[in-house]
2 protein chains.
Amino acid sequence: MRADAQRNRDRIVEVARGVFKEKGYDAPLDEIARLAGVGPGTLYRHFPARENLIDAVQQELADRVNSMADKAIAHEGGPRERLLAWFEQYVELLTAHPGAAARVTTAMGDEASPIASKCKIYAGANTRVLAELRAEGAMRDGVDDLQVVRLVGGVAAIADQSRLGPEAIGPMLEVLADGVLKG
Amino acid sequence: MRADAQRNRDRIVEVARGVFKEKGYDAPLDEIARLAGVGPGTLYRHFPARENLIDAVQQELADRVNSMADKAIAHEGGPRERLLAWFEQYVELLTAHPGAAARVTTAMGDEASPIASKCKIYAGANTRVLAELRAEGAMRDGVDDLQVVRLVGGVAAIADQSRLGPEAIGPMLEVLADGVLKG
DNA sequence: ACCTGAACACCGTTCAAGT
DNA sequence: ACCTGAACACCGTTCAAGT
């Protein structure tokens with residue numbers, strides 16, 4: 001890639017990250033192009049679909065999810081405390097960008113999605129936490145990792161769109177934890 | 001209301017129901033106006049915001065939810081079977097109109113939403129089912145009705161947007177049921 | 001090879017003119 | 001009191017002309 005093209009691409013992603021964080025993933029693309037100092041055609045050349053730009057912006061979140069999983073696994077307390085710590089971290093991550101939770105969770109398990117690579121990273125972190133608990137015999141039989149990450153993502157999406165706080169999110173995650181773990 | 005105005009309003013709602021069912025709640029409003037044989041201004045006079053039109057269209061769903069709750073309460077089997085029957089019915093109802101689940105669940109608990117009256121009806125049906133189970137001592141302590149209807153609505157929203165079938169929805173609802181009911 | 005920006009398309013929303 | 005439809009605004013998307 002030519003140096004000026006690389007520079008333009010980097011600036012677009014940097015600006016998009018700021019705009020998306022503030023206005024959500026549905027923010028107008030022409031404003032991003034304008035703030036990045038490029039024409040709209042240049043943005044479309046690098047990112048033919050909005051989802052491709054979202055994928056690039058989400059690198060920031062994907063970089064953090066595995067250390068979050070590590071922290072949850074190392075959390076003090078029993079399986080329930082560790083699972084809840086993971087759920088809370090994951091919801092916090094997905095609600096860091098307005099609109100991210102619904103898009104990520106909708107694309108979860110869809111290989112053809114432009115953000116499939118990021119979904120794989122999130123799902124992988126979730127699976128690491130669940131595998132740990134499963135090895136301890138703490139998980140109910142027949143609970144599928146993909147369904148769990150969809151359920152937690154669903155809570156994140158509702159929390160995002162309804163602007164719910166921890167006092168509403170916490171009880172929902174507790175229901176999920178009790179449904180995932182043995183009685 | 002003048003007779004011709006009433007007739008226009010009825011035709012708009014009737015057409016909108018068909019278009020929304022087929023293309024989802026984000027379908028263009030000008031097509032609805034055209035199919036109803038009115039100008040765009042007439043649609044805006046009767047429904048200043050898209051959510052007001054959605055509210056009218058959803059009357060059809062609100063009319064059915066209470067008989068669904070009755071059916072679930074009368075369902076054969078223990079508390080888990082009845083709760084699952086209710087969850088499945090509710091998800092089926094909310095996914096009957098593409099886009100409905102996310103909008104309804106996002107508005108749940110928001111008195112100021114244009115669809116607040118429909119949310120109240122859905123939440124009331126949910127509360128009737130849960131009250132029955134709670135009276136039997138089947139519910140965990142501290143489970144809030146509003147959080148439950150949000151959780152099931154979240155599953156419906158994900159199922160809607162990811163076009164998931166019963167083989168994916170069923171296991172998610174089982175996790176919720178186990179989280180809501182006593183071990 | 002890449003960029004610009006004018007141009008087009010689509011659709012939400014308003015409002016002056018009509019009945 | 002209500003309706004029409006032209007007009008405007010906004011934004012996604014394309015592409016001919018330029019460097």
Side-chain angles (χ1 to χ4, degrees), chain A residues 1-58 97-100 102-103 106-107 113-115 161, chain B residues 1-58 97-100 102-103 106-107 113-115 161:
Chain A
M1 183 178 286
R2 227 166 63 179
D4 57 342
Q6 182 66 56
R7 188 167 39 80
N8 279 334
R9 193 186 189 284
D10 292 346
R11 294 193 57 181
I12 290 168
V13 173
E14 188 186 0
V15 169
R17 186 144 38 222
V19 173
F20 281 170
K21 269 192 206 176
E22 196 197 340
K23 302 195 171 184
Y25 278 13
D26 291 322
L29 297 181
D30 61 348
E31 184 189 346
I32 293 170
R34 191 173 49 78
L35 289 174
V38 302
T42 302
L43 191 151
Y44 278 86
R45 158 172 276 265
H46 288 291
F47 305 99
R50 176 184 292 270
E51 295 287 316
N52 297 115
L53 182 54
I54 288 174
D55 185 67
V57 165
Q58 281 205 344
H97 294 182
R103 283 182 191 263
T106 294
S113 166
I115 61 171
Q161 287 159 20
Chain B
M1 184 178 284
R2 228 166 64 179
D4 57 342
Q6 183 66 58
R7 189 167 39 80
N8 279 333
R9 193 186 189 285
D10 292 346
R11 294 193 58 182
I12 290 168
V13 173
E14 189 186 1
V15 168
R17 185 143 41 222
V19 173
F20 281 170
K21 270 192 207 175
E22 196 196 343
K23 302 197 172 182
Y25 279 13
D26 290 322
L29 296 180
D30 61 349
E31 185 190 346
I32 292 170
R34 192 173 48 76
L35 290 173
V38 302
T42 301
L43 191 151
Y44 278 86
R45 158 172 276 263
H46 289 291
F47 305 99
R50 176 183 293 269
E51 296 285 315
N52 298 115
L53 182 53
I54 288 174
D55 185 67
V57 164
Q58 280 205 345
H97 294 183
R103 282 182 191 263
T106 294
S113 166
I115 60 171
Q161 287 159 20

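Below, chains carry the letters A, B, ... as their sequence lines are ordered, and counting in each starts from 1.
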Practice prompt. Report the distance from atom CG of Leu43(B) to atom C1' of dC2(D), rounded to the nearest whole Å.
Written response: 14 Å

Discussion item. As an exercise, state the distance from CG of Leu43(B) to CD of Glu31(B), rounded to the nearest 0.5 Å.
Written reply: 12.0 Å

Fill in: Below 4.0 Å: OP1/OP2 of dC3(D) and any side-chain N or O of Asn8(B)
yes

Item to complete: Would you mind reading off the distance between Leu35(A) atom CG and dC11(D) atom P, rounded to a whole angstrom?
Response: 13 Å

Worksheet entry | d(CG, Asp10(A); P, dC2(C)) in whole Å | 14 Å

Discussion item. Does this structure show an ion pair linking Asp55(A) with Arg103(A), if we count only N-O contacts that are shorter than 4.0 Å?
Written reply: no

Practice prompt. Go through dC3(D), dG12(D), dT13(C) for me and flag the one nearest to the Arg50(A) side chain.
Written response: dG12(D)

Worksheet item: If each of Asp30(B) and Gln6(A) is mapped to the nucleotide of DNA chain C with the nearest heavy atom, which maps nearer the 5' terminus, i.e. the 5' end?
Response: Gln6(A)

Fill in: Selection from dG12(D), dG12(C), dC3(C) that lies nearest to any side-chain heavy atom of Ala5(A)
dC3(C)

Response to the item:
d(Leu35(B) CG, Arg11(B) CZ) to nearest 0.5 Å is 9.5 Å

Discussion item. Tell me the interatomic distance from Ile12(A), atom CD1, to dC3(C), atom P, rounded to whole angstroms.
Written reply: 8 Å

Item to complete: Would you mind reading off the distance between Tyr25(A) atom OH and dC11(D) atom C1', rounded to a whole angstrom?
Response: 21 Å

Discussion item. OP1 or OP2 of dC3(C) versus the side-chain N and O atoms of His46(A): is any pair under 4.0 Å?
Written reply: yes

Discussion item. So if I take every side-chain heavy atom of Pro40(A) and compare against dT14(D), dC3(C), dC3(D), which nucleotide ends up nearest?
Written reply: dT14(D)

Practice prompt. Please state how far atom CZ in Arg45(B) lies from atom P in dT13(C), giving the value in whole angstrom units.
Written response: 17 Å

Worksheet entry | Gap between atoms CZ and P, on Phe47(A) and dT14(D) respectively (whole Å) | 16 Å

Worksheet item: Going from CZ on Arg17(A) to CD on Gln58(A), what distance comes out if it is rounded to the nearest 0.5 angstrom?
Response: 10.5 Å

Discussion item. Using a 6.0 Å cut-off, check whether atom CD of Glu14(A) has over 12 heavy atoms from anything other than its own residue.
Written reply: no

Discussion item. Of the listed nucleotides (dC2(D), dC3(C), dG12(C)), which one gets closest to any side-chain atom of Met1(B)?
Written reply: dC2(D)

Discussion item. How many whole angstroms separate atom CZ of Arg34(B) from atom C1' of dC11(C)?
Written reply: 13 Å

Worksheet, complete the sentence: By the Watson-Crick or G-U definition, both distances under 3.5 Å, dG5(C) is matched with dC15(D)

Practice prompt. Among the candidates dC3(D), dG12(D), dC2(C), find the nucleotide nearest to the side-chain atoms of Arg2(A).
Written response: dC2(C)

Fill in: Residue whose closest nucleotide on DNA chain D lies nearer the 5' end, Thr42(A) versus Ala27(A)
Ala27(A)

